[in-house]
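Heavy atoms only: backbone and side chains are in, while hydrogens, waters and symmetry mates are out.
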Amino acid sequence: MKMTLMGTGTSHGVPVIACDCEVCKSTDPHNKRLRCSALLEHEDKAFLIDVGPDFREQALKFNICHLEAVFITHSHADHLHGIDDLRIFSHKDSAAMKYEPKSLKKFPETKGAGLSVYTSERTKKHIHDSFPYIFVDHEKGGGSPKLNVIPVDSYNASNPLVPCQDTKIEITPIPMLHGNHHTIGFVFATTDSSNEKRSIVYLTDCHFISEDSIAQVKKAGGKIEHLVIDALREREHSSHCNFLQAMGYAEKIGAKHTWFTHITHDHSHDEIKLYIEKHLNEFPGLKEIVEKGGSVSPSYDGLVLES
């Protein structure tokens, strides 16, 4: 199982429009951050996590040619408003699909209800209310994604979602709070040849993760190879984890490798690495993981995680 972090920036992205700070002017590619999104691949299947306004650029950059399903963490624009660009993966009543054999072969219309989009009931309602044109009939050639939005609220570590029966990835939604907004993270787990469960955990856009949710992560995750977690900046924020909060949650979860994401322009990639080193002694559990070969680091666009 492989996850590519296609975007690791906050809602503004980095560089920020009209900003001339040192991070925004930096030529270091680690400081160029698109809005948060990730691509999960296992065997021949591909799954998208969040579809923000940079999705078109990300899909071209990382050569996404097919998707089995999409997972949406919540309804904020920086995680959702690239949804129209899913149409290339799930054409709905498109003239090109009907009359151009080459296009039909490369991009066949999704059978049945459409490309599966997994999210919470709250976010499903928001998607239907905010993008009604997707879910109504329209003129031929009009072009809109053919989507089947499926709530995941009933799934948990004891009853994980298995989106593709021929690819045994178990996916567990993790409830979190993002200010006064409900959001969900995801545990992506597979079982290796020795029958050991291994996972990658993706927890963006949160400022509070309950003890019950942490227990769900650990139960669903088995051996957690990677944790990707919201870590906006050093200063506290009303709806995002700061660096110390992220390290606190990472210590409780106990992944071998922890990666900060949803990062703003307050600090450069290298400055965040130094900050983590300076404060690691405050988290003895994390320090022990690092001493045994693990890591705690800022992520960056294009980072590939394998489990």
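- The number of heavy-atom neighbours closer than 6.0 Å to NZ of Lys273, taken from other residues, nucleotides and ligands shown, is 12 or below.
- Within a 6.0 Å radius of NZ in Lys25, more than 12 heavy atoms belonging to other residues, nucleotides or ligands are found.
- Under the 4.5 Å side-chain heavy-atom criterion for grouping Ile, Leu, Val, Met, Phe, Trp and Tyr, Leu177 is not connected to Leu232 through any hydrophobic cluster.
- Put simply, the side chain of Ser26 gets close to the backbone of Asp28: a donor and an acceptor are under 3.5 Å apart.
- Between His237 atom NE2 and Thr10 atom OG1 the span is 7.0 Å, to the nearest 0.5 Å.
- With hydrogens and angles ignored, the 3.5 Å screen pairs no side-chain donor or acceptor of Arg87 with any backbone N or O of Ser90.
- Residues His178 and Ser239 are in side-chain contact: their nearest non-hydrogen atoms beyond the backbone lie under 4.5 Å apart.
- The shortest side-chain heavy-atom distance between Leu227 and Tyr249 does not fall under the 4.5 Å cut-off.
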Does the pair Arg33 and Ile263 meet the rule for a side-chain contact (heavy atoms from CB on, under 4.5 Å), with working shown?
CA-CA 8 Å; Arg33 301 182 182 277; Ile263 298 168; 3.7 Å; yes

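- A side-chain donor from one of Asp192 and Ser194 sits under 3.5 Å from a side-chain acceptor of the other.
- In this structure, His79 and His262 have parallel ring planes: the angle between them is below the 30° cut-off, well short of the 60° mark.
- A 4.5 Å side-chain heavy-atom check between Met176 and Leu203 finds at least one atom pair inside the cut-off.
- The shortest distance between side-chain heavy atoms of Gln216 and Asn156 falls below 4.5 Å.
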Trace of the side-chain contact (heavy atoms from CB on, under 4.5 Å) decision for Asp84 with Phe131:
CA-CA 9 Å; Asp84 190 73; Phe131 304 96; over 6 Å; no

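- Between Lys292 and Glu288 a salt bridge is recorded (basic side-chain N to carboxylate O distance below 4.0 Å).
- The environment of CD1 in Ile17 is sparse: at most 12 heavy-atom neighbours from other residues, nucleotides or ligands sit within 6.0 Å.
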Check the pair Val296, Phe243 against side-chain contact (heavy atoms from CB on, under 4.5 Å), reporting the backbone distance first and the verdict last.
CA-CA 11 Å; Val296 182; Phe243 297 157; over 6 Å; no

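- Across all non-hydrogen atoms, the minimal contact from Leu244 to Glu282 is CD2-OE1, 4.1 Å.
- Under the 4.5 Å side-chain heavy-atom criterion for Ile, Leu, Val, Met, Phe, Trp and Tyr, Leu280 and Ile253 are members of the same hydrophobic cluster.
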After noting the C-alpha distance and the side-chain angles of Ile83 and Phe55, does the key distance pass the side-chain contact (heavy atoms from CB on, under 4.5 Å) rule?
CA-CA 8 Å; Ile83 194 169; Phe55 174 64; over 6 Å; no

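- The main-chain N or O of Asn31 is never found under 3.5 Å from a side-chain atom of His269 such that the two would form a donor-acceptor pair.
- Taking 4.5 Å as the limit, every side-chain heavy atom of Glu170 sits out of range of all side-chain heavy atoms of Thr191.
- With 3.5 Å as the limit, one finds no donor-acceptor pair spanning the side chains of His76 and Asp205.
- At least one donor-acceptor pair closer than 3.5 Å links the side chain of Ser299 to the backbone N or O of Phe260.
- The pair Asp85-Arg56 does not count as a salt bridge, with every side-chain nitrogen at least 4.0 angstrom from each carboxylate oxygen.
- Remark: His181 NE2 is packed, more than 12 non-hydrogen atoms of other residues, nucleotides or ligands lying under 6.0 Å away.
- Using the six-membered ring where Trp is involved, His30 and Tyr300 have ring planes that are perpendicular, over 60° apart on the 30 and 60° scheme.
- The nearest pair of heavy atoms linking Gln58 to Ser37 is OE1-CB, 3.5 Å.
- A 4.5 Å side-chain heavy-atom check between Phe135 and Ile127 finds at least one atom pair inside the cut-off.
- With Asp301 as the fixed residue, the side chain to side chain contact (heavy atoms under 4.5 Å, CB included) test singles out one of Thr8, Asp54, Val14: Thr8.
- Between Ser297 and Trp259, the closest side-chain pair of non-hydrogen atoms falls below 4.5 Å.
- A centroid separation of less than 6.0 Å is found between the aromatic rings of Tyr275 and His279.
- Under the 3.5 Å distance criterion, with hydrogens and angles disregarded, no donor-acceptor pair is assigned to the side chains of Lys223 and Ser307.
- Side-chain contact annotation: Thr73 with Asp50, donor-acceptor N/O pair under 3.5 Å present.
- Taking hydrophobic clusters as Ile, Leu, Val, Met, Phe, Trp and Tyr residues chained together by side-chain heavy-atom distances below 4.5 Å, Met1 shares a cluster with Leu303.
- Considering NE2 of His126 and OG1 of Thr119, their distance stands at 10.0 Å, rounded to 0.5 Å.
- Atom CG of Asp129 has more than 12 heavy atoms from other residues, nucleotides or ligands within 6.0 Å.
- In terms of modelled atom types and a separation under 3.5 Å, the side chain of Arg198 and the main chain of Thr190 share no donor-acceptor contact.
- Between the side chain of Ser199 and the main chain of Gly221, a donor-acceptor pair closer than 3.5 Å is present.
- Judged by distance alone, with hydrogens and angles left aside, the side-chain atoms of His226 form a donor-acceptor pair with the main-chain N or O of Glu306 at under 3.5 Å.
- Between Ser268 and Val23, the shortest heavy-atom distance links the atoms N-CG2, 3.5 Å.
- Between Phe71 and Phe186, the ring planes are perpendicular. Angles over 60° get that label, and only those under 30° would be called parallel.
- When every heavy atom of Pro163 is checked against every heavy atom of Phe47, the shortest pair comes out as CG-CE2, 3.9 Å.
- Side-chain contact between Phe188 and Met3 is present, with at least one heavy-atom pair separated by less than 4.5 Å.
- Minimum interatomic distance between Pro175 and Ile184 (heavy atoms only, all atoms of both residues): CA-CG2, 4.2 Å.
- Rounding to the nearest 0.5 Å gives a distance of 13.0 Å between NZ of Lys197 and NZ of Lys168.
- No side-chain donor-acceptor contact under 3.5 Å links Thr123 and His74.
- Cluster membership for Tyr202 and Leu305, using ILVMFWY side-chain heavy atoms within less than 4.5 angstrom, is shared.
- A distance-only check finds no donor-acceptor pair linking the side chain of Lys32 to the backbone of Thr27 [under 3.5 Å].
- Linking ILVMFWY side-chain heavy atoms closer than 4.5 Å, directly or via other members, places Ile134 and Leu115 in a single hydrophobic cluster.
- At a cut-off of 3.5 Å, with distance as the only test, no side-chain donor of Ser120 or Asp153 sits close to an acceptor on the other residue.
- Looking at every heavy atom in both residues, Lys252 comes nearest to Ile214 through CD-CD1, 3.7 Å.
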